[in-house]
Amino acid sequence: MNPAARRGLGRAASAAALLLAVSACSSGTQETTPAATPSASTGQRESAAPTSPSASGRSTSMNIRVTLDGRPVDAVLNDSPAARDFAALLPLTLDLKDFHGTERVTDLPRKLDTAGAPEPVAATVGDIAYYAPWGNLALFYQDGPAPSPDLLVLGHLDVSADQLGRAASITIEAAS
C-alpha cells in the first residue's frame, strides 16, 4: 500500500475512533466549528480544526497559518505541551535547509518545553516535529526514522512531499 493510501486509511480509522469516543462522552449538546473560508485580506486559507487525532495521538488541535515559499498550506498543531509552547513563539519566519534527504530543518529562537510529551511516534510525510536535543524544527517530506523520545511530532502540514522537499522558507502564524 502506498504511503498516501496508508495515511488516508489511518486518518479514517482515527476519525472513526474519535467519533465513537466523542459520541459516547457527549452530553447531548452539539458544538459547531466554522467552515473553511478564504481570508479576503491576505488570500490565505484558514480551516476549521480537524477532529481526527494527529500523528502524536492527541485528539484536539490548534489551527495555524503556514506559508511555504509564499504559498499558503493547510496546517494544524496538536494539543501537546510542546506544540502549545511552539505556538507561543508565533509568528515565525524561518529559512529551511535539507537534512539527510528526509526533512527540511531550521533552528528555533529557543528550546521548547518537552515535559509531558506523548508517546513517541515515527514521523510521516507532512509532519511538523521538534528534535529536542538540537532544539530544531523538522518538516518531514519523507517518512522519518523509528519512533524516538527525542523527536516530538507537533502537528501536520497538508502539502505534497515534493513541495515540502523544495521549500526554502516557512512562515508560521497563529490563525485568527
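Given the structure is predicted, the values throughout are model-derived calculations rather than measurements.
- The nearest pair of heavy atoms linking Val125 to Ala161 is CG1-CB, 3.8 Å.
- Of all heavy-atom pairs spanning Ser61 and Val76, the tightest one is CB-CB, 4.1 Å.
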**OP:** Verify side chain to side chain contact (heavy atoms under 4.5 Å, CB included) between Leu92 and Leu108, making sure each step is shown before the conclusion.
**Re:** CA-CA 9 Å; Leu92 292 170; Leu108 292 176; 4.1 Å; yes
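- Across Asp98 and His100, no two heavy atoms sit closer than the pair OD2-N, 3.9 Å.
- Atom CZ in Phe86 sits 7.5 Å away from atom CG in Leu112 (nearest 0.5 Å).
- Closest heavy-atom contact between Trp134 and Lys111: C-CE, 4.5 Å.
- In this structure, CG on Leu90 lies 7.0 Å from CG on Leu77, to the nearest 0.5 angstrom.
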Subject >> Stepwise side chain to side chain contact (heavy atoms under 4.5 Å, CB included) check, Ile128 with Phe140 >> reply: CA-CA 7 Å; Ile128 303 167; Phe140 283 83; over 6 Å; no
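- Atom-to-atom distance recorded for Ser169:OG and Leu94:CG is 9.0 Å, nearest 0.5 angstrom.
- Shown here for Ala167 and Asp69, the closest heavy-atom pair between the two residues is CA-OD2, 3.1 Å.
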**OP:** Start with the C-alpha gap between Leu137 and Val105, add the side-chain angles, then the distance that decides, and say whether side chain to side chain contact (heavy atoms under 4.5 Å, CB included) holds.
**Re:** CA-CA 6 Å; Leu137 190 68; Val105 297; over 6 Å; no
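- Counting only heavy atoms from C-beta outward, the side chains of Asp127 and His156 approach each other to under 4.5 Å.
- In the model, Asp162 has no side-chain atom that pairs as donor or acceptor with a side-chain atom of Tyr141 under 3.5 Å.
- Summarising the geometry, atom CD1 belonging to Ile170 is positioned 9.5 Å from atom OG1 belonging to Thr93; distances are rounded to the nearest 0.5 Å.
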Original post:
Given the rule in the side chain to side chain donor-acceptor pair (under 3.5 Å) test, do Ser80 and Asn78 qualify, once you have shown the distances and angles that lead to the verdict?
Top reply: CA-CA 6 Å; Ser80 68; Asn78 60 40; 2.8 Å; yes
Original post:
Can you list the steps and then say if Val159 with Leu68 is a side chain to side chain contact (heavy atoms under 4.5 Å, CB included)?
Top reply: CA-CA 9 Å; Val159 63; Leu68 285 174; 4.0 Å; yes
**OP:** Any chance you could lay out the salt bridge (Lys or Arg N to Asp or Glu O under 4.0 Å) test for Asp85 and Arg110, step after step, and finish with the verdict?
**Re:** CA-CA 10 Å; Asp85 193 28; Arg110 66 169 171 80; 2.7 Å; yes
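- Between the side chain of Arg65 and the backbone N or O of Ala174, at least one donor-acceptor pair lies under 3.5 Å.
- Clustering ILVMFWY residues whenever any of their side-chain heavy atoms sit less than 4.5 angstrom apart, transitively, puts Val73 in the very cluster that holds Leu164.
- A donor-acceptor pair under 3.5 Å links the side-chain atoms of Ser160 to the main chain of Gln163, judged by distance alone.
- Under the 3.5 Å distance criterion, the side-chain polar atoms of Thr102 are left unmatched by any main-chain donor or acceptor of Gln142.
- With rounding to the nearest 0.5 angstrom, the CE atom of Met62 is 8.5 Å from the CG atom of Leu154.
- Minimum interatomic distance between Ala138 and Glu103 (heavy atoms only, all atoms of both residues): CB-OE2, 3.1 Å.
- Distance alone, capped at 3.5 Å, places no donor-acceptor pair between the Arg104 side chain and the Phe99 backbone.
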Original post:
Would Asn136 and Tyr130 count as a side chain to side chain donor-acceptor pair (under 3.5 Å) if you check the C-alpha gap in whole Å, the side-chain angles of each, and the deciding distance to 0.1 Å?
Top reply: CA-CA 6 Å; Asn136 67 4; Tyr130 175 68; over 6 Å; no
